[in-house]
Amino acid sequence: MGLVEEINKRRTFGIVSHPDAGKTTLTEKLLLFGGAIQVAGAVKSNKIKKSATSDFMDIERQRGISVATSVMGFQYRDKQINILDTPGHKDFQEDTYRTLTAVDSAIVVIDVAKGVEPQTEKLVEVCKMRKTPMIVFINKLDREGKDAFDLLDEVEQKINLTACPMSWPIGMGQRFQGVYNLYEKKLVLFNPHEKQEETIEFTDLHDPELENHIGERAAEELREEINMVNEVYPEFDQEAYAEGELNPVFFGSAINNFGVKELLDCFVDIAPMPRPRETEERLIDPSENKFSGFVFKIHANMDPKHRDRIAFLRICSGEFKRNTNYLHVRNEKKMKFSNPTTFMASKKEIIENAYPGDIVGLYDSGNFKIGDALTEGEKLHFKGIPSFSPEQFRIVHNDDPMKSKQLAKGLLQLMDEGVAQMFTKEFGGTRIIGTVGALQFDVIQYRLQHEYGAKCSYEPLHLHKACWLTSDNNEQFKEFLQRRKRDIAKDKDGQLVFLAESAWQLKTMQENYPDVGFHFTSDF
Ligand code: G4P
């Protein structure tokens, strides 16, 4: 098979949701359809238990398990599907953000009773930054929940998506009978006892046969609702979806395997194949002959005796081959890989080659940072792999003066892995660690001690946000930096960052220094 055929076959996506909406269950059902796993429950082991919030070691252990399911691949129809796993735990949200830089599309799972929840909002926002095409799956229709129209209003208002219902629920909870598949004009009926669905071709909803299938009241309601749907919502448009401007919506119940096949069939029809990628130098087309890719995630080995790590590489163009020399652009070094590995749901295996859309795990002894590029020689820098402003901050202190070198090295490597972000104050050199969740502070402390033999403690620091700075107005910028010098720090790449104490202070600065750009991500 040629390169173009390989690319056309691939669909690489991520499933995002607020915890408990049903992401793990849906992933598992998709894998069952694809034959990648044989029994339900295989993916569950990857899930970080809710009860574990206070026990970070348990979470790290679970994260260890999750390497095995970082990428779940399976064949469905004539497509090679790659699902990239995204951690559900909110303290690891930055991992999820970064994984989303490596997908070509996403499925957003929403709980019918809870509607759009805070993490759904954040994750959708990250997808929108890259115009990632998104399909919405409204889950748990076997339970009582919100009215379908109200839910779609929420989807439109809270997360700014343009809903395009592809299926419509018939009843809900106890009265849930199934859905009408608007995309294929089929009635899909739910049998709660056998947990199976029955599909009936049904092009004309005015056909009196409808009453025989779902009863008089439900038939009347369905006709009315579908009329409204047709009036209110746009028709499906492939181009608008691919541009991230239209979002197909499905209803179902993942645990009952209901609506999952419809979702998968439609996904395979409409989801985008690997898309061109932006670099600072030029746009990279997947079908270019020369290989290129970037690292979006680094996973440390849990065993302190083996400090090797696994760097996850997304292939962007050309063919990646085992035992071939590639350029590590940032280090300006040639590297070759004898054991490039795929991490599938059921097995881990060494691969000979991989194509755009594929994810390869590379064993690494500390050469890679998030965002690093590998190419056949061209000096490319991939865009759109930002750091996000952390939400919690603490000052790090060295608790063992004999080990300051180890502490510095450990901190640097953990930051390269993306465990957290470190900002060094211009004034006084104080090191500040910023994270999305409180748990990372414990993880860092533990790993510094066990992997690097260094000890640290933290001092609480109340900050609102870290904002990356830019400006074209040299004079104003200089004045700002001088005035606020106690609040200025540098990130790991030497970029200037303003540490805002409060939303009010940030707003005042934005007003006083209109020519200074305050950015909430490092990608601008
Ligand atoms: P997550 O990965 O998004 O966090 O969610 P997960 O799939 O683990 O699902 C969260 C809970 O919701 C699980 O119950 C799961 O069984 C349930 N669930 C998923 N899909 C459906 C559905 O369609 N209908 C209903 N009624 N429930 C659904 P749990 O009790 O937390 O876990 P478990 O004991 O079942 O494993």
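For ligands, and for the atoms within them, numbers begin at 1 and follow the listed sequence. Everything numeric here is computed off the predicted structure, so don't read it as measured data.
- Not a single donor-acceptor pair under 3.5 Å links the side chain of Lys23 to the backbone N or O of Ile15.
- If you number the atoms of ligand 1 from 1 as listed, the ones under 4.0 Å from a heavy atom of Ser253 come out as 22 (C), 23 (O), 24 (N).
- Considering backbone and side-chain N/O of Asn256, none are found under 3.5 Å from N/O of ligand 1.
- Of all the heavy atoms of Leu26, none lies under 4.0 Å from any atom of ligand 1, so neither backbone nor side chain is involved.
- For ligand 1, the atoms closer than 4.0 angstrom to any heavy atom of Pro19 are 4 (O).
- No donor-acceptor distance shorter than 3.5 angstrom exists from the side chain of Asp85 to the backbone of Val71, with no hydrogens or angles considered.
- For ligand 1, the atoms sitting less than 4.0 Å from at least one non-hydrogen atom of Lys23 are 1 (P), 2 (O), 3 (O), 5 (O), 7 (O), numbered in the order shown with element in parentheses.
- Of the heavy atoms in Ser17, only side-chain atoms (C-beta onward) come closer than 4.0 Å to ligand 1.
- Between Leu141 and ligand 1, not a single N/O pair is under 3.5 Å apart.
- Salt bridge absent: Arg130 and Glu278 never bring a charged side-chain N and a carboxylate O closer than 4.0 Å.
- With a 4.0 Å heavy-atom cut-off, ligand 1 is reached by the side chain of Arg143 but not by its N, CA, C or O.
- With a heavy-atom cut-off of 4.0 Å, Asp142 touches ligand 1 through its side chain alone.
- For ligand 1 and Asp20, the ligand atoms under 4.0 Å from any heavy atom of the residue are 1 (P), 3 (O), 4 (O), 5 (O), 10 (C), 12 (O).
- The closest side-chain heavy-atom distance from Tyr233 to Cys164 is not below 4.5 Å.
- Comment: Arg77 engages Asp265 in a salt bridge, judged by a side-chain N to carboxylate O separation of less than 4.0 angstrom.
- In this structure, Glu211 places its CD atom where more than 12 heavy-atom neighbours from other residues, nucleotides or ligands lie under 6.0 Å away.
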Phe388 and Met129: CA distance, side-chain angles, deciding distance, side-chain contact (heavy atoms from CB on, under 4.5 Å) verdict: CA-CA 12 Å; Phe388 292 83; Met129 279 172 54; 4.0 Å; yes
Apply side chain to side chain donor-acceptor pair (under 3.5 Å) to residues Gln80 and Asn82 and explain how you reach the verdict. CA-CA 7 Å; Gln80 167 66 35; Asn82 296 323; 3.2 Å; yes
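- When the heavy-atom distances from atom 21 (C) of ligand 1 to Thr25, Ile255, Val16 are ranked, the shortest goes to Ile255.
- Close contacts of ligand 1 with Ala254, meaning ligand atoms under 4.0 Å from a residue heavy atom, involve 23 (O).
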